[in-house]
Amino acid sequence: MDGSGRRGVVFRSLDASRLIPVAFARAVVRLPYLWSRMSVRHDGDTVSYAGTRRWPGPRGAHCRITLRKGDPVTAPTALEHFLTARWGLHHTFHGRPSYLHNAHPRRPLHRAELLHLDENLSAAAGLSTPMGQPLSVLYSPGVPVTFGRPTPGRLSPLRGRTHLPVRRRRRRPESRVRPPGLAEVQERN
C-alpha cells in the first residue's frame with residue numbers, strides 16, 4: 001500500500017517467456033522482468049508449471065510446481081481475496097515511487113492441492129527458502145489484464161517513505177518469493 005492507500009503487488013522478480021516484452025519492461029518501465037523458459041501442462045485436473053531462468057540470471061534458477069485443481073471457490077476468505085485481488089503494481093522508476101494501475105475481472109479461483117514443488121528462485125533472490133507446508137494453495141486459469149499509465153507514487157505519511165522495497169531497504173525475514181505461474185501459494189512463516 002502506498003501513501004495514497006492504493007493496494008498493489010510489488011515484484012522482486014517476474015519471470016516471462018517472451019524476450020521482447022521482458023526487454024521492454026526492463027529498459028522502459030524498469031520492472032524486474034526476467035527471461036525464462038516457461039511451460040504449463042494440463043492433464044485432467046492436474047496442472048504443472050515449469051520455469052528456468054535464461055537472462056539476466058542467475059541462469060539455471062528454476063521453479064517446478066504440480067498441483068491438483070479442486071472445487072471452485074464461491075466465497076473467497078479474507079486471506080484468499082488479499083492474495084489474489086491486486087489492481088495495481090508498485091515499483092520504483094529512477095529511484096522514485098510509481099504506481100501502475102491494472103484492470104481485470106475477478107479471478108476465478110479453485111482450491112488446489114500442492115503435489116510437487118522444487119524451486120531455487122528464493123535463494124536466487126537472496127531470500128531464505130520457504131519452510132513447511134503452504135497455508136493456502138489456489139489455482140486460477142487466469143484473466144485478461146489491461147494496464148494503465150504509470151502515475152507517481154506517494155510517500156507514506158507515517159514513515160516519510162514509500163512502502164516499496166527499494167534496494168536500500170532491509171528485507172524483512174518474513175518476506176517470501178512466490179513461484180511464477182497462476183497458482184497462488186502462501187508459505188508458513
Side-chain angles (χ1 to χ4, degrees), residues 8-43 47-67 83-84 86-104 107 114-131 134 137-151 153 162-187:
V9 174
V10 177
F11 290 105
R12 299 275 314 229
S13 66
L14 183 65
D15 293 51
S17 63
R18 295 183 2 222
L19 179 58
I20 292 173
V22 167
F24 178 84
R26 291 182 68 82
V28 176
V29 191
R30 307 275 187 200
L31 291 173
Y33 273 54
L34 302 160
W35 185 35
S36 297
R37 181 176 294 111
M38 309 289 290
S39 68
V40 180
R41 291 193 176 85
H42 297 265
D43 183 14
V47 183
S48 298
Y49 302 92
T52 303
R53 196 84 33 96
R54 291 178 169 172
W55 175 83
R59 278 183 75 89
H62 68 276
C63 181
R64 291 175 197 85
I65 302 171
T66 303
L67 59 86
L83 291 172
T84 62
R86 295 293 175 233
W87 311 105
L89 167 71
H90 297 287
H91 71 289
T92 56
F93 186 70
H94 294 294
R96 292 190 168 155
S98 183
Y99 180 78
L100 184 64
H101 175 75
N102 67 59
H104 57 78
R107 294 181 191 281
L114 182 64
L115 302 175
H116 177 77
L117 173 61
D118 171 29
E119 66 91 20
N120 64 2
L121 296 177
S122 298
L127 301 173
S128 60
T129 302
M131 303 298 287
V137 181
L138 301 170
Y139 165 81
S140 176
V143 293
V145 178
T146 303
F147 289 91
R149 298 179 65 115
T151 59
T162 69
H163 291 277
L164 305 176
V166 293
R167 295 186 197 282
R168 298 184 296 278
R169 265 178 83 182
R170 217 173 89 208
R171 282 184 306 230
R172 288 182 247 149
E174 70 272 11
S175 296
R176 299 285 189 250
V177 171
R178 302 289 175 236
L182 300 175
E184 296 287 342
V185 179
Q186 182 184 13
E187 307 294 337

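From a predicted model like this one, the values you see are computed outputs, not experimental measurements.
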message: List the residues meeting salt bridge (Lys or Arg N to Asp or Glu O under 4.0 Å) with Arg53, not counting sequence neighbours, and say none if there are none.
response: Asp15
query: Out of curiosity, Thr151 OG1 to Leu100 CG, how far, rounded to the nearest 0.5 Å?
result: 8.0 Å
query: With sequence neighbours excluded, what pairs up with Pro32 under the side-chain contact (heavy atoms from CB on, under 4.5 Å) test?
result: Phe11
Minimum side-chain heavy-atom gap His91-Val29 below 4.5 Å: yes
- request: With rounding to the nearest 0.5 Å, note down the distance linking OG in Ser122 to CZ in Arg12.
  value: 10.0 Å
- request: Hey, could you give me the CG/NE2 distance between Leu67 and His116, rounded to the nearest 0.5 Å?
  value: 12.0 Å
- request: Could you tell me which residues satisfy side chain to side chain donor-acceptor pair (under 3.5 Å) with Arg59, sequence neighbours excluded, listed by chain and number?
  value: none
statement: Applying side chain to side chain donor-acceptor pair (under 3.5 Å) to Thr52 and not counting sequence neighbours gives none
statement: One should read off an interatomic distance between Tyr49 OH and Leu117 CG, to the nearest 0.5 angstrom, of 13.0 Å
query: Got a donor-acceptor contact below 3.5 angstrom from the Trp35 side chain to the Ser17 backbone?
result: yes
query: If every non-hydrogen atom of Trp55 is compared with every non-hydrogen atom of Leu19, which pair is closest and at what distance?
result: CE3-CD1, 4.4 Å
- prompt: Of all heavy-atom pairs between Val40 and His42, which one has the smallest distance, and what is that distance?
  reply: CG1-NE2, 3.6 Å
Non-neighbouring partners of Ser39 that pass side-chain contact (heavy atoms from CB on, under 4.5 Å), sequence neighbours left out: Arg41, Ala50
task: With rounding to the nearest 0.5 Å, note down the distance linking CG in Leu138 to CG in Leu114.
output: 11.5 Å
field: Non-neighbouring partners of Ala103 that pass side-chain contact (heavy atoms from CB on, under 4.5 Å), sequence neighbours left out
entry: His101
message: Holding to side chain to side chain donor-acceptor pair (under 3.5 Å), I want the full list of residues that pass it with Asn120, two or more places apart in sequence or in another chain.
response: His62
task: Output all residues satisfying side-chain contact (heavy atoms from CB on, under 4.5 Å) with Ala23, sequence neighbours left out; order by chain, then residue number.
output: none
Within residues 25-36 or reaching into it, pairs that qualify as salt bridge (Lys or Arg N to Asp or Glu O under 4.0 Å) - sequence neighbours excluded: none
task: Could you pull out all residues at least two apart from Tyr99 that satisfy ring pair (Phe, Tyr, Trp, His ring centres under 6.0 Å)?
output: His90
- prompt: Who pairs with Ser48 by side chain to side chain donor-acceptor pair (under 3.5 Å), at least two apart in sequence or on another chain?
  reply: Thr66
message: For His104, give me all partners under ring pair (Phe, Tyr, Trp, His ring centres under 6.0 Å), at least two apart in sequence or on another chain.
response: Trp87
- prompt: About how many Å separate CG of Leu34 and CG of Leu14, when rounded to the nearest 0.5 Å?
  reply: 8.0 Å
